[in-house]
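All chains are named by letter (A, B, ...) in the order of the sequence lines, taking the proteins before the strands, and each is independently numbered beginning at 1.
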Amino acid sequence: MQEYLVGKFSELPEGKGIAVEAGSSTIAVFRIGSEVFAISNACPHKGASLCDGEVLCDFKIVRCPWHHWKWRLDDGALEPDTRQHLRQYNVLVDGDDVILRL
Amino acid sequence: MNVASHHERELARRIKPDPIDRRAAGYNVIDTDFHIVPEWEALRRYMPEPFRSELNRYPLVGSDYSPKYAIGIDGTGQDVLGSASTAAHVLKVLDEIGVQTVILSPGFQRPQSMFHQQMVSVLASAFNDYMIKEVFPESSRINASIMINHRDPAAGAAEILRVGDHPQFVGVYTEFGGNYEPIGTARHDPIFEAASERDLAVILHIGTFWQQFTPLAQGVRTWTELVGVSSVATCMAFTGSMIMQGLFDKFPKLKIVLQEGGFWWLCDFMARTDDYYLNHPGDIQLVERKIESGERFLRKLPSEYFESNIRFSSQPVCMPRNPRHFKSLMELCRGEDFLMYSSDWPHATFDPLNWVFDPAISEAGRAKILGGNARAWYPRLRI
């Protein structure tokens, strides 16, 4: 297992995504309130960057910027067809540090 | 919590990823459907009076029965990615999406279904003059199709004659859809004759869906029924009318481009029309063009006219769930020969070119879809 420091929790934008490169992976990280979520950045539909998607905070969903596919941040499932999943990444907050574990 | 000490951690690098496949840089990519919408005040400058003074906005057509109330997309054009009105804006987006050369389509299609035929023609002419005066001079990467009003064939043909010699017009743009008579009927021949003589491809883009006051439309409740289904059904109807009513026998050089009417239906359509035609060809001699020529039959099987006369813009490519089926569908529908890449920027069905790098597509097919097929189909394209 490898750990990557994403940055300070206090500097993560609320209700927006950022993309980070960790090893060979490009990961979208989202902060909603006190929670942080990490998913694969590329939408499996046509490859858009989910870090640029609109975050529906109340539902913990990111909506793809190209075709509006709705991905659940808490379990990585596609909302209207939960058989489809994005890759999720283990992310934790250590003090003010946001850490990705791959 | 078991947290590793800091010295074992690497710093993740914050990036701005480019979702467009970088391999596209190795191709001279042609986008065959990209929408431009002139600012209204710029467009109206090219209208004759009294339209210039009195027509103060893009006309909207009828009441809007489109079920887009729950799809989270505003505006009539589903412009999820923005709206380009100038050459500079178009060029900026082309660079972002990996496209070298573009064939622009007007992005305000719905006025074509207005009842006021003269107003449709005025809007079309204004768009064409706007392109000539304000867009084409800015870049040779930009081409466009001549917007016409096809429901008035004499006016449509006259517009082709008026502006058709401009080298950056490479096609003629109009629409298919449920509000229109299928365009294969003989009364549209002045348009096809003018386009064919000038080596201009005729582009048929989805424009309207089920005609509003029909049982088909009244049963629509969802976006997928309307846009996903009726576009395919009406495209098939238009294609059938062109082939079966002898359009391509009268104008053998004519090139048609079908846009946003689906593609995977092609394999069924070809087999089905060949079979029905061979079972019952007796009515072919009754269509207007065959009465005129005295011929009893089509000169080819219906399926064979796709090779000689019809191509498809690619978007939206709807991938089957089983990836192996993509390769099968491409073979069955001759996708490497018949598809020309299109983005449909900025609409809700926007397709980046990444799908063309699917391993199911051969390297030769990739080059054809990204540009080769368009170069062959738009003879006026100078690249």
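B:Phe357 CZ: more than 12 foreign heavy atoms inside a 6.0 Å radius. Other residues, nucleotides and ligands contribute over 12 non-hydrogen atoms within 6.0 Å of the CD atom of B:Glu96.
The two residues B:Val80 and A:Trp66 make their nearest non-hydrogen contact at CG2-O, 3.8 Å. Nearest heavy atom pair, residue A:Asn41 against residue B:Pro17, reads ND2-CG, 3.2 Å. Of all the heavy atoms in B:Ala12 and A:Val20, the pair that sits closest is CB-CB, 3.9 Å.
A:Tyr4 pairs with exactly one of B:Glu10, B:Arg9, B:Arg13 by the side-chain contact (heavy atoms from CB on, under 4.5 Å) rule, that one being B:Glu10.
Rounding to the nearest 0.5 Å gives a distance of 11.5 Å between NE2 of A:His45 and CG of B:Asn354. Here the CD1-OG distance, from B:Ile15 to A:Ser49, works out to 8.0 Å after rounding to the nearest 0.5 Å.
Without hydrogens or angle criteria, B:Lys16 side chain to A:Ile18 main chain gives no donor-acceptor distance under 3.5 Å.
Your options are A:Glu54, A:Gln84, A:His67, and the one with the most heavy-atom pairs under 4.5 Å with chain B is A:His67. Listed options A:Gly47, A:Ala19, A:Cys43 were ranked by heavy-atom pairs under 4.5 angstrom with chain B; first place goes to A:Ala19.
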